[in-house]
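Report on the structure given below.
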Amino acid sequence: MFSSARIFKSSNPQLRARAIVKATAYFNDPQKVLEASMGLGEAMPGIEIAQIPPDKYWPAVAGKKTNSAVQSMKNKKSVIGVLDLQGGVHEHLDHLDRLGIAYRRVKEKEDFEDLAGLIIPGGESSCLCRLLNIFGIKEVLLANYHRGLKIWGTCAGTILLAKSVVGEENCLGLIDIEVERNSFGSQLDSFISEAVIKVVDPEPIPLTFIRSPKIIKVGEKVNVLLKIDDYIAAAESENILVTVFHPELTGSLAFHRYFAIKCGIKFEVKKDSYTDPAWENYSWTRMARIA
Ligand code: GLN
């Protein structure tokens, strides 16, 4: 099957996603596969490894737990972790690296040591919640939260952090919001838009929704950052940030910068704009381990 994030590389993601589903469903019917392959617009650009400079896809940092910025930092609480159990981990690592923020993949209990913040990426919330329990990370995460760890959940991460999930048990229950999973419909109802969220960036921020939940209610101590139509797309409490969209799948670094500030991290702002012009759809691959 196709990967939800990568589908956005084609000129017409929705059409292409439908075609992939059809071709996969009728893989042994050549006529149906032929029909599915026609009139799809521009192809998804593949990742032509020969055209990517080696340091971009296989840097010294790939495979290491923390990037080199960590070693030089005296202030221990300046590292942001990305929960590395399932989902869009590399895209977040890439954004943190672009901002010069020290990052760490968080897979085990020990990886929580001295973290300033933790990002829970998008993926599949039911799967992530099970893995948190299976690997015994849930209690460590909760203990660290109660010691002051700041947490940002993107999409599935928002679902994990929500106090209430329509029709299901909650997982971590750390922010007083109610969410409804898959509230826009199926994977094929994923979409892209943009919005201005002044406290995060004075310029419009691109928004990528992939089988996202909706935040349908927030408690008194939760501040709404973005409301669209009948739902809330971004919100925060004192220690938690939630976005139902995926800033890590766009060139915008604004939310990563905003979260770093929330974590109390001071870092040099190298660029005037919060959008990195050097970002490409395949930028995350430099953070991926090649098996
Ligand atoms: N639909 C997924 C869930 O309910 C979330 C999708 C995402 O993280 N992009 O867990």
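We count ligands from 1, going down the list as the structure has it; atoms in each ligand are counted the same way. Both backbone and side-chain heavy atoms feed into the values below; hydrogens, waters and symmetry mates do not. Here the structure is a predicted model, which means the values were calculated and not measured. Along the sequence shown, residues carry numbers from 1.
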query = If you measure every N/O of T154 against every N/O of ligand 1, is any gap under 3.5 Å?
reply = no

key: Residue pairs fulfilling ring-ring contact (aromatic ring centres under 6.0 Å, His included) with at least one residue in residues 219-240, sequence neighbours excluded   = F184-Y231

query = Where on R181 is there a heavy atom closer than 4.0 Å to ligand 1, on the side chain, on the backbone, on both, or on neither?
reply = side chain

ask   = Which atoms of ligand 1 sit under 4.0 Å from any heavy atom of S125?
value = 3 (C), 4 (O), 10 (O)

request  = Give the numbers and elements of all ligand 1 atoms closer than 4.0 Å to a heavy atom of N182.
outcome  = 1 (N), 2 (C), 4 (O)

key: Flag for W152-T243: side-chain donor and acceptor within less than 3.5 Å   = yes

message = More than 12 heavy atoms of other residues, nucleotides or ligands under 6.0 Å from NZ of K163: yes or no?
response = no

query = Are L253 and L96 side-chain neighbours, meaning at least one heavy-atom pair lies under 4.5 Å?
reply = no

query = Roughly how far, to the nearest 0.5 Å, is CZ of F209 from CG of L249?
reply = 12.5 Å

message = Considering G123, S212, A156 one by one, which has a heavy atom nearer to atom 6 (C) of ligand 1 than any of the others?
response = G123

key: G122-ligand 1 polar pair, N/O distance under 3.5 Å   = no

inquiry  = Would you compute the distance between atom NZ of K221 and atom CD of E238 and round it to the nearest 0.5 angstrom?
reply    = 9.5 Å

ask   = Where's the contact between I159 and ligand 1, heavy-atom distance under 4.0 Å: side chain, backbone, both or neither?
value = side chain

